[in-house]
Amino acid sequence: MHGELATRALAHNYPPAMSETRFPVMLSTWSFGPVGNEPGMAMMRSGASALDGVIAGATAIEDDPQINSVGVGGLPDADGRVSLDGCVMTDPNRCGSVACLRSYANPCQIARRVMEKTIHVMLVGSGAEEFAHREGFQTRELLTPHARGEWEKWRADPRNLDRGQYRGWIPPLNVEEIARENTGKSVSAGGVRGGDGPGASHDTVSILAIDAHGQLAGACSTSGMAFKVPGRVGDSPIIGHGLYVDQSAGGAAATGNGELVMGTCSSFLAVEKMRQGATPLEAVVEALDRIIQRFEIGPDHQVAMIAMARPPRKGEVWGGWASAAIKPGFHHTISDVHGTRVEDPVKVIRSGSAWIQGPTRGERISP
Ligand code: SD4
């Protein structure tokens with residue numbers, strides 16, 4: 001397995017230039033990251049906490065209807081209904097989560113209320129919606145005409161829905177980045193938003209940040225796998241799977257096929273590796289290797305991870321951050337003293353894989 005490892009160390013991002021490390025720093029998944037990083041960093045530069053920063057970042061992405069697998073504009077489930085999942089975390093005793101919200105657009109804000117106003121960690125479905133209502137959140141229509149059109153196209157293809165025997169759907173590899181590839185746009189600061197067409201799909205945003213006060217926080221928000229079985233919840237809102245943060249060990253977050261992440265507690269695993277002394281890069285590679293060892297990786301499977309070392313203690317050099325993906329096609333967005341940049345991951349484990357493989361419209365999982 002390790003023979004397949006290919007390192008793409010980018011001198012400008014890994015390891016970070018320690019002497020130049022200044023907080024705040026924000027790291028997020030995919031090339032739409034700048035949509036969230038820019039407002040999140042602006043808040044943290046004005047003294048806001050990392051928790052405020054990551055939630056502001058997630059909210060901006062959730063509110064952008066062009067990003068069509070997070071928040072408003074997310075692709076719906078097999079019945080044509082959008083459902084959103086999200087969580088926030090700053091420490092093992094400070095986390096909140098919601099899943100299967102059908103009429104509220106900002107799961108990370110609601111997850112924060114769960115964390116701050118209840119003795120619980122996670123609320124789901126109608127209970128989560130009643131809680132959001134009591135907390136004063138406004139309902140929103142989540143299904144955009146574009147997302148509805150995509151669902152109608154998907155439903156019209158008999159390969160996708162074998163009625164009565166529906167087993168689920170695997171999105172095309174790197175569905176988040178296909179629009180960029182199709183349009184030939186280059187990755188640039190400022191990011192790329194999906195255009196029209198089937199390639200415009202995007203997915204989970206995971207954000208990790210350290211603020212100017214040296215506090216670490218994370219947020220994760222998604223509409224989950226497009227055209228999923230109604231009721232399906234993936235890794236993203238589950239503490240330890242899609243996101244894990246511990247001030248004394250570090251933070252990690254995942255994106256991609258949630259079922260692979262959930263089998264291996266990827267974010268918790270990566271943070272525990274950092275607790276034991278691994279660098280952020282070693283930690284995410286170990287977590288992704290675990291997935292590769294325990295799952296048969298299909299042509300449309302992809303998982304990518306980001307990780308951030310715990311905030312440095314007085315006089316300590318910061319351990320930095322990293323990202324890695326099982327296959328090519330993933331990008332992260334980093335914001336630091338040098339500005340905001342969309343970059344290739346630090347490491348791609350199966351670097352020989354094609355950028356996009358398999359049917360572009362997905363395929364049914366055989367029974
Ligand atoms: C899920 N992990 O629901 C999410 C989807 C995702 O990039 O991250 N896509 O399985």
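Both ligands and their constituent atoms are indexed starting at 1 by order of listing. Computed from a predicted model, the values in this text were never measured in an experiment. The analysis underlying the following values was restricted to heavy atoms, covering all of them including side chains, and did not include hydrogens, waters or symmetry mates. Along the sequence shown, residues are numbered consecutively beginning with 1.
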| said: Heavy atoms only, cut-off 4.0 Å: how does Met262 contact ligand 1, side chain, backbone, both, or neither? | reply: neither
| request: Run the numbers for me: atoms of ligand 1, each under 4.0 Å from some heavy atom of Ser236, listed by number. | output: 2 (N), 4 (C)
| said: Counting only nitrogen or oxygen atoms and a 3.5 angstrom limit, does Asn257 reach ligand 1? | reply: no
| query | Given side chains that start at C-beta, do those of Thr90 and Gln247 come closer than 4.5 Å, heavy atoms only? | reply | yes
| What do you reckon, does Gln302 put a non-hydrogen atom under 4.0 Å from ligand 1? | no
| ligand 1 atoms in contact with Met225 (distance to a heavy atom under 4.0 Å) | 3 (O)
| message | For the CD atom on Gln138, are there more than 12 heavy atoms of other groups (residues, nucleotides or ligands in this structure) within a distance under 6.0 Å? | response | no
| task | Would you mind listing which atoms of ligand 1 come within a distance below 4.0 Å of any non-hydrogen atom of Arg232? | result | 1 (C), 3 (O), 10 (O)
| said: Quick check: do Lys347 and Leu288 have side-chain heavy atoms less than 4.5 Å from each other? | reply: no
| request: Return the orientation label for the Phe330 and Trp30 ring planes: parallel under 30°, perpendicular over 60°, tilted otherwise. | output: perpendicular
| remark: For Thr255, the atoms of ligand 1 under 4.0 Å from one of its heavy atoms are 6 (C), 7 (O), 8 (O), 9 (N)
| Got an N/O contact under 3.5 Å between Gly224 and ligand 1? | no
| Check: Gly256 N/O within less than 3.5 Å of ligand 1 N/O | yes
| note | Per-atom filter on ligand 1: closer than 4.0 angstrom to a heavy atom of Asp235 are 1 (C), 2 (N), 4 (C), 10 (O)
